[in-house]
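For reference, the structure is listed below as structure tokens.
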Amino acid sequence: MPLFNQRHHQALVQRQQQGLYRQLKCVEENPQWLNFASNDYLGLAQDPEIIAAWQLGLDKYGAGSGASPLVTGFQPPHADLEQQLTEWLGYQRALLFNSGFSANQAVLFTLLQAQDHLFQDKLNHASLIEAGMLSPAKMKRFAHNDVTALARQFATMNTDVDTASLVVTEGVFSMDGDCAPLALLRQITEQHQSWLMVDDAHGCGVLGEAGQGSCHLAGIKADILVVTFGKAFGIQGAAVLCSQETAEYLIQFARHYIYSTAMPPAQAVALRQACSLIQTQPWRREKLQALSGHLDHYLDNSIDLMPTITPIKPIIIGDSTQTMAIATQLQQRGIKVGAIRPPTVPPHSARLRITLTANHNETDIRQLAVAINEVVDVG
Ligand SMILES: *Cc1c(COP(=O)(O)O)cnc(C)c1O
């Protein structure tokens, strides 16, 4: 038997025994269901105006872009979207990618050289940690949101003239819903002539006055800002915001950009609509704050809900099997929440990941809270 067969079988059996087996389920839209597991924070994934924009885009530009951006894939809707993003977020340039995963990989692989130092928050997204491990640079992970730990790592860095350093953090952490100490990170990176890269997948659209995200809220500007369109934008794709020169550098050297088909132009049209709605409909962000208050109100005090200013509301359970059992019980009550286990989160910190969207109402939140009060055993 080829070794692959044996290896796969063993790994699957082991996963099962650890209570960590992941199952791909085909989710049918069920209107009876209360969904508290999506990242569609602003409720835009089913928005009629965005759907209409996408349809108009299809009529005008067809189904696909036909090529990578440097060939013929970069078309007027892509250029318009890039410009809209730069004006909104305050950067010289924006480059579009097909996913946040590929944007993160493109940036880290392209910027870093062997003599460089890369510092990442321990809880950064898998796409960032993996890119860091595969990059030629020396990567160090600092304790979550711990600027003192980062300072210690800076102190041990060699300071050769050809050593560049990059600090990477998420703006809002996807599994905890907490925010990075961006003002302090900006300060320390400036002290060390280092760059700061912020992946704001969960902050963009949700935080800041016009939804500009974590950096805007913290009053700082990152050297590289990554925003993704699969969360608050309700669609799919990503952009890297940076200076004119960095954009040109990425266009020359980032293989994920050069050798990948550009997103369909119709999708860029839809994203433009989403970007406009995010800026002109602050009620979606205000609603999230109100819903967050309702959740605090209706949950029993004994339930250990992590306090966050974001729509990500984790309840740490600890044990993976118990977390799955609770999620199943909630599902039997018509409520879908995320059950997140290692290795996505640190060992013994399996959790329910509840996410709110602007489409929920107070009754939905009460129903969720009543069910959680019933099924989460805090004894
Ligand atoms: C979802 C996510 C990504 C990946 O984005 P996709 O567009 O889904 O590939 C990257 N970083 C963070 C922090 C994310 O939450």
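Nothing here was measured: the structure is a model prediction, and the numbers come from that model. Keep in mind that the numbers below use all heavy atoms, side chains included, and drop hydrogens, waters and symmetry copies. Residue numbers start at 1 and run along the sequence shown. Just follow the structure's listing: the first ligand is 1, and inside any ligand the first atom is 1.
Residue contacts with ligand 1 for Val226 are absent, since no atom lies close enough (heavy atoms, distance under 4.0 Å). With a 4.0 Å cut-off on non-hydrogen atoms, Ser99 touches ligand 1 through its backbone as well as its side chain.
A donor-acceptor pair shorter than 3.5 Å cannot be found between the side chains of Asn361 and Arg366. For the residue pair Gln84 / Ser276, a side-chain donor-acceptor distance below 3.5 Å is found, with atom types taken as modelled. Side-chain contact, Thr344 with Arg22: a donor N or O sits under 3.5 Å from an acceptor N or O. With hydrogens and angles left out, the side-chain atoms of Arg353 and Thr355 include no donor and acceptor closer than 3.5 Å.
Of all protein heavy atoms, the one lying nearest to atom 15 (O) of ligand 1 is His202 NE2, 2.5 Å. Nearest to atom 2 (C) of ligand 1 among the protein's heavy atoms is Lys231 NZ, 2.4 Å. In this structure, atom 6 (P) of ligand 1 lies nearest to the protein heavy atom Gly100 N, 3.3 Å. The nearest protein atom to atom 4 (C) of ligand 1, hydrogens excluded, is given as Phe101 N, 3.6 Å; this is a heavy-atom distance.
Near Asn104, meaning under 4.0 Å from any of its heavy atoms, are these atoms of ligand 1: 10 (C), 11 (N). Atoms of ligand 1 lying under 4.0 Å from any heavy atom of Ser127, numbered from 1 in the order shown and given with element: 10 (C).
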Compile the donor-acceptor pairs under 3.5 Å between side chains in residues 52-73 and protein atoms, sequence neighbours left out, one pair per line.
residue	atom	partner	partner atom	Å
Ser65	OG	Ala67	O	3.3
Ser65	OG	Ala262	O	2.6
Ser68	OG	Ile258	O	3.4

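Considering Ile235, Asp199, Val227, Asp200 only, the shortest heavy-atom separation from atom 11 (N) of ligand 1 involves Asp199.
Centroid-to-centroid, the aromatic rings of Phe253 and Phe109 stay 6.0 Å apart or farther.
Sorted pairs that involve residues 318-359 and meet ring-ring contact (aromatic ring centres under 6.0 Å, His included), not counting sequence neighbours, are lacking altogether.
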